[in-house]
Number of protein chains: 2
Amino acid sequence: MARPRKPLLSTERIVATAAALVDAEGVEAVSTRRLAAELGVSGPSLYNHFRTKDEILEAVADAVSARIDLSMFAEDDPRDWRTALHDWAVSYRAALADHPQVVPLLARGPGRRPAGLRVADAVFGAMVRAGWPPAQATSIGALMRYFVTGSALGSFARGFVDDEAAYDPADYPHLGQAHLLAERQRKVDEGAFETGLAALLDGLAVRYAAQVSQGSGDASGRGTETGAGGMGAGAAGTEAGGTGA
Amino acid sequence: MARPRKPLLSTERIVATAAALVDAEGVEAVSTRRLAAELGVSGPSLYNHFRTKDEILEAVADAVSARIDLSMFAEDDPRDWRTALHDWAVSYRAALADHPQVVPLLARGPGRRPAGLRVADAVFGAMVRAGWPPAQATSIGALMRYFVTGSALGSFARGFVDDEAAYDPADYPHLGQAHLLAERQRKVDEGAFETGLAALLDGLAVRYAAQVSQGSGDASGRGTETGAGGMGAGAAGTEAGGTGA
DNA sequence: ACCTGAACACCGTTCAAGT
DNA sequence: ACCTGAACACCGTTCAAGT
């Protein structure tokens with residue numbers, strides 16, 4: 001059966017199966033042959049739908065980014081910029097926490113993931129509407145992303161997975177304690193995330209206040225450059241697309 | 001020549017050569033055979049000094065962590081906690097910027113890198129001495145690490161390397177513009193880092209002030225638990241070692 | 001103890017061949 | 001257009017053999 005009249009594969013099915021494999025066994029478990037077998041197909045078939053294996057993994061990462069809630073940045077959403085950023089960060093972290101095995105894929109850099117660009121665009125637009133100067137709005141999107149992805153990396157990227165493996169219940173009967181340690185670490189990470197997020201938003205609020213008192217930072221926004229953040233001017237549209245999630 | 005009377009290899013030489021290879025061509029260029037060839041030796045020889053290839057890469061990552069300046073956390077250093085954190089973050093980022101190809105290795109999680117643990121310990125000790133409650137001191141070390149590693153990831157982990165490759169100077173003669181774009185992105189990332197770092201420290205300063213006014217947060221420190229951060233109590237020593245860089 | 005070559009069970013990707 | 005098997009040039013790691 002060389003070519004079936006109905007295609008056996010689709011990009012969606014490939015990505016979904018790859019994502020499930022990553023979630024279940026980690027990025028390293030994904031080989032073209034293994035993935036193809038899971039799809040009931042031979043290895044080279046994948047190359048009719050993707051140019052490289054890396055492209056498949058990029059699509060898996062993008063699918064996770066696509067699950068980040070962005071409703072707080074909608075024009076008609078009542079949340080103020082600070083609450084919106086907070087809720088977004090929490091949703092962002094939750095999306096990564098749901099797929100810890102995907103986090104290492106983020107380490108390959110922003111890449112060209114479309115969902116990442118959509119995120120950057122949404123944040124940028126909402127911040128500008130709230131009265132932030134464009135250059136500052138760009139910075140805010142980036143620095144929030146830094147913090148959230150960094151926390152995901154530090155918290156659940158292969159960290160406690162290794163730990164659980166290290167505590168072999170065979171010769172270590174107090175497996176309750178291993179659970180306790182993992183739970184404890186989780187609490188530490190969560191506390192650090194919450195403290196850091198609150199501090200970050202407090203710090204931004206200080207800068208925002210300095211801005212409005214000095215410039216003309218009303219809600220119609222987009223206008224006068226204030227000196228407060230000092231990144232120089234920049235065109236709005238291109239600024240937002242600079243880096244993806 | 002089965003066994004030379006003087007060993008051809010040493011863990012140091014292996015790590016140094018691996019690090020040079022990573023810096024020059026990236027993590028993906030490191031194969032045991034390639035690395036061994038670079039060392040003038042056959043592939044399996046490496047297994048006399050390391051148990052797996054991953055262990056070698058961990059050592060490379062640890063060598064970078066070891067280059068982070070920690071002098072600001074020394075007991076006799078005059079810098080206050082806020083300045084110390086700032087200078088540390090800048091030095092931390094600089095260490096990663098010097099070895100952008102190493103950044104993806106951090107994505108494998110904190111692991112058991114000794115240099116990372118030393119860093120965590122230094123931050124913790126200095127924060128406690130400055131008057132932060134132990135639980136908060138732990139959070140601060142973690143959240144600062146989140147931000148710095150996240151920024152390294154977002155800024156120079158294979159981001160613009162790909163970009164430069166995309167602009168093939170053969171059919172794109174305005175290579176000056178490609179440089180301009182890369183330079184522009186670098187400025188955006190730097191601005192986001194500086195803004196975020198300042199905001200983070202401002203936010204922590206607010207919490208610190210709330211702490212001393214409410215509890216007894218003098219420089220002798222270590223004492224009374226305040227309710228401000230709310231992570232519950234925890235033994236000092238074990239808290240610090242929780243997560244590495 | 002420390003190196004070697006041979007071998008095992010894999011890889012990602014290309015390509016001619018089939019329909 | 002979309003799948004196949006065969007093939008190429010690799011992998012990480014193990015192991016018996018040498019000194």
Side-chain angles (χ1 to χ4, degrees), chain A residues 1-19 21-22 24-61 101 104-105 107-109 111 158 161-162 165, chain B residues 1-19 21-22 24-61 101 104-105 107-109 111 158 161-162 165:
Chain A
M1 41 142 119
R3 165 160 122 89
R5 52 164 56 86
K6 187 125 200 286
L8 299 174
L9 255 34
S10 68
T11 64
E12 292 78 21
R13 209 162 79 82
I14 293 171
V15 173
T17 307
L21 191 51
V22 168
E25 303 186 35
V27 180
E28 311 224 317
V30 182
S31 74
T32 54
R33 284 171 170 88
R34 171 83 190 277
L35 175 57
E38 217 96 17
L39 287 158
V41 114
S42 94
S45 302
L46 298 170
Y47 291 85
N48 287 299
H49 304 266
F50 288 92
R51 268 187 330 212
T52 62
K53 177 188 151 184
D54 260 23
E55 252 181 31
I56 299 175
L57 294 177
E58 284 281 298
V60 169
Q101 305 269 30
L105 291 177
R108 320 228 185 171
R158 303 265 322 139
V161 178
D162 279 349
Chain B
M1 44 144 113
R3 166 161 123 89
R5 51 163 57 85
K6 227 210 161 214
L8 298 174
L9 255 35
S10 69
T11 65
E12 292 77 20
R13 209 163 80 81
I14 293 171
V15 174
T17 307
L21 191 51
V22 169
E25 303 185 35
V27 180
E28 311 223 319
V30 181
S31 76
T32 55
R33 284 170 171 88
R34 171 82 191 277
L35 175 57
E38 217 97 16
L39 287 157
V41 113
S42 94
S45 302
L46 298 170
Y47 291 85
N48 286 300
H49 303 267
F50 289 91
R51 265 186 335 209
T52 62
K53 176 187 152 186
D54 260 23
E55 254 182 27
I56 300 176
L57 293 177
E58 284 282 299
V60 169
Q101 306 269 30
L105 291 176
R108 320 229 184 171
R158 304 265 322 136
V161 179
D162 278 350

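We name chains A, B, ... by the order of the sequence lines, and we start the count at 1 in each one.
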| request: Nearest whole angstrom, please: distance from the C1' of C:dC10 to the NZ of A:Lys53. | output: 12 Å
| request: Check the distance between C:dT19's C1' and A:Asn48's CG and give it to me in whole angstrom. | output: 13 Å
| task | Please state the P separation for the pair D:dA9 and C:dA9 - nearest whole angstrom. | result | 22 Å
| request: Write down the distance between NZ (A:Lys6) and P (D:dC3), rounded to a whole number of angstrom. | output: 11 Å
| request: Give the rounded distance in Å between these two atoms: CD1 of A:Ile14 and C1' of D:dC3. | output: 12 Å
| field | Contact under 4.0 Å: A:His49 side-chain N or O vs D:dA1 OP1/OP2 | value | no
| task | Could you pick out which residue, A:Arg34 or B:Gly40, lies toward the 5' side of DNA chain C when each is mapped onto its nearest nucleotide? | result | B:Gly40
| request: Tell me what B:Ser31 touches on the nucleic acid: a base, only sugar-phosphate, or nothing, going by heavy atoms under 4.0 Å. | output: sugar-phosphate
| message | Could you tell me how far apart B:Leu9 (CG) and C:dA1 (P) are, to the nearest whole angstrom? | response | 17 Å
| task | Go through C:dT13, D:dT4, C:dG5 for me and flag the one nearest to the A:Ser45 side chain. | result | D:dT4
| Could you give the CG-to-P distance, from A:Leu35 to C:dC11, as a whole number of Å? | 11 Å
| task | Whole angstrom is fine here: how far is it from OH in B:Tyr47 over to C1' in C:dT4? | result | 15 Å
| said: Side chains of A:Phe50 and A:Val15, heavy atoms from C-beta outward: is any pair under 4.5 Å? | reply: yes
| query | Could you give the distance from CG (A:Leu46) to CD (A:Glu55), rounded to the nearest 0.5 Å? | reply | 12.0 Å
| Considering only side-chain heavy atoms of B:Pro7, which listed nucleotide, D:dG12, D:dT4, C:dC3, is closest? | C:dC3
| Does C:dA1 pair with anything, Watson-Crick or G-U wobble, both distances under 3.5 Å, and if so, with which nucleotide? | D:dT19
| Watson-Crick or G-U wobble mate for C:dA7, both contacts under 3.5 Å | D:dT13
| query | When you check the phosphate oxygens OP1 and OP2 of D:dC3, does a side-chain N or O of A:Ser42 lie under 4.0 Å from one of them? | reply | no
| Atom pair OG1/CG of B:Thr17 and B:Leu21 - distance to nearest 0.5 Å | 8.5 Å
| message | So does B:Val30 get a backbone contact from the side chain of B:Lys53, meaning a donor-acceptor N/O pair under 3.5 Å? | response | yes
| message | Nearest heavy atom decides the nucleotide; on that basis, is A:Arg33 or B:Gly43 closer to the 5' end of DNA chain D? | response | A:Arg33
| request: Output yes when at least one side-chain N/O atom of A:Thr32 is less than 4.0 Å from OP1 or OP2 of C:dG12, else no. | output: yes
| field | Gap between atoms CD and P, on B:Glu28 and D:dA9 respectively (whole Å) | value | 21 Å
| Out of curiosity, A:His49 NE2 to A:Leu39 CG, how far, rounded to the nearest 0.5 Å? | 9.5 Å
